[in-house]
Amino acid sequence: MVVRRVSESAFPTKYGKFRILGYETVTRGKKSPYVVLVKGDVSKAGSPLVRIHSQCLTGDVFSSTRCDCGDQLKFAMRAIHKSGAGVIIYHPEEGRGIGLLNKLIAYELQDKGADTVEANRKLGFDADERNYEACAAILKDLGIFRVHLLSNNPEKIKALQASGLQVVKRVSIEMAPRRSTQHYLKTKKDKLGHLLTRV
C-alpha cells in the first residue's frame, strides 16, 4: 500500500471550516483518489472523531432518499466541526464497492423486488466489496492512531483494528428512517450486521 498526499487547502463549508486534502493511493497496482476533510490539529487530539464515508453520488449529490448516506455525511460534518478536531475520509468505493453504474443496475433489480444485498449478488458481487486498508494508511499519515469512529458498520471497526489502529469508541450515526429507507436499513441490519436500533 502506497499513500501519497498530493494537495492541501482551506475549505470553508456551510457546516464549518475544514482543510481539504487530496490523496492518491496505490493498492496492488491500482491507483485511487481519496478526498479527506480535516478539522483542527488531529495529530494532537488524542482520539479524534473520524468518519469513513463511502462515496454515494445519488445520496450525497442528488439527495436520494433510497438511502441515508447524504444525511450521514451532513451529520458527520456538523459533529466533527462541533468537536473541534476530526476527519472525514471520502471513500471512493461507490455502491459498497461495485461502482456507480452497477449500483444503478442494482437499483433496477431492487425495483423488481430484490433487496440491496440480493441485488449485489445477482450482479456477481459480494454483499460488500469495500476495503479499508487505504483509509487506515491515510489516518496514520495524519498522525492518528486512536479514533472515535462515527459508524454503524462493525466491519469498519474490525478493519481499522486489523490495521493497527485503536477504535476507542464507536459513535452511532443512525438516521431516523423514512418510509423509503425502512427496508434498506432493515436489510443492512439483518444481513450485514449494521448496528441499528430504529428498524
Side-chain angles (χ1 to χ4, degrees), residues 1-27 32-56 59-60 68-93 96-97 128 130-176 185 188-189 192-198:
M1 163 66 63
V2 176
V3 172
R4 186 168 68 94
R5 193 184 305 188
V6 298
S7 67
E8 182 172 350
S9 61
F11 194 64
T13 78
K14 65 190 293 184
Y15 305 110
K17 293 180 180 179
F18 295 82
R19 290 180 291 134
I20 188 166
L21 285 64
Y23 278 87
E24 182 179 71
T25 69
V26 182
T27 308
S32 299
Y34 280 73
V35 173
V36 180
L37 299 186
V38 176
K39 179 74 180 182
D41 189 348
V42 290
S43 66
K44 297 180 180 177
S47 52
L49 199 55
V50 169
R51 169 71 179 162
I52 297 172
H53 186 87
S54 295
Q55 177 177 303
C56 180
D60 299 338
D68 58 350
C69 302
D71 291 337
Q72 286 185 322
L73 179 59
K74 292 168 188 172
F75 180 94
M77 291 179 72
R78 290 189 190 102
I80 287 171
H81 173 67
K82 185 177 180 180
S83 77
V87 174
I88 296 174
I89 298 176
Y90 200 71
H91 192 349
E93 294 187 344
R96 294 199 302 275
D128 193 336
R130 289 173 293 183
N131 182 289
Y132 302 104
E133 185 181 357
C135 299
I138 288 169
L139 290 171
K140 291 175 184 178
D141 181 72
L142 292 168
I144 299 170
F145 298 91
R146 301 170 76 248
V147 303
H148 281 69
L149 186 66
L150 267 168
S151 182
N152 303 322
N153 185 352
E155 292 304 315
K156 289 182 183 177
I157 298 170
K158 292 176 187 176
L160 293 187
Q161 290 174 334
S163 295
L165 297 171
Q166 182 182 355
V167 178
V168 176
K169 181 181 180 183
R170 180 190 74 88
V171 180
S172 174
I173 189 167
E174 186 172 1
M175 302 292 103
L185 293 173
K188 290 176 80 171
K189 178 180 180 178
L192 298 172
H194 284 217
L195 304 169
L196 301 171
T197 61
R198 300 186 186 184

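Note that the structure is predicted; figures quoted are calculated from it, not measured. Just the heavy atoms: all of them, side chains too, but no hydrogens, waters or symmetry mates, feed the values below.
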Quiz item: Considering all heavy atoms of both residues, which atom of F11 and which atom of R19 are nearest to each other, and what is their separation?
Solution: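 F11 and R19 have their closest heavy atoms at CB-C, 4.1 Å.
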Quiz item: Which heavy atom in V42 sits nearest to a heavy atom in A85, and how many Å separate them?
Solution: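 Closest pair (atom of V42, atom of A85, distance): CG1-C, 4.3 Å.
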Self-check item: L49 side, atom CG; L149 side, atom CG - distance, nearest 0.5 Å
Solution: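 With rounding to 0.5 Å, CG (L49) is 8.5 Å from CG (L149).
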Quiz item: Is there side-chain contact between T13 and H81, with at least one heavy-atom pair below 4.5 Å?
Solution: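 No, side chains not in contact.
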Exercise. Measure the shortest side-chain to side-chain distance between L160 and V50 over non-hydrogen atoms and say whether it is less than 4.5 angstrom.
Key: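 Answer no - side chains too far apart.
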Quiz item: Cut-off 3.5 Å, side chains only: do R51 and S151 have a donor facing an acceptor?
Solution: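 Note: R51 and S151 side chains miss the donor-acceptor criterion.
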Practice problem: Tell me yes or no: between the side chains of E24 and S32, is some donor less than 3.5 Å from an acceptor? | Solution: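 No, because no side-chain N or O of E24 sits under 3.5 Å from a partner of the opposite role on S32.
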Quiz item: Step by step, would you call H91 with S54 a side-chain hydrogen bond (donor to acceptor under 3.5 Å, both in side chains)?
Solution: CA-CA 4 Å; H91 192 349; S54 295; 5.0 Å; no
Does [X] use its side chain to pair, donor to acceptor, with the backbone of [Y] at less than 3.5 Å?
X    : Y    : value
K189 : L195 : no
K140 : L165 : no
D141 : A137 : no
Q72  : I173 : yes
E174 : T197 : yes
K39  : K17  : yes
H148 : S47  : yes

Self-check item: Ionic contact status for E93 with R96, cut-off 4.0 Å
Solution: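 The answer is no: the pair does not qualify as a salt bridge.
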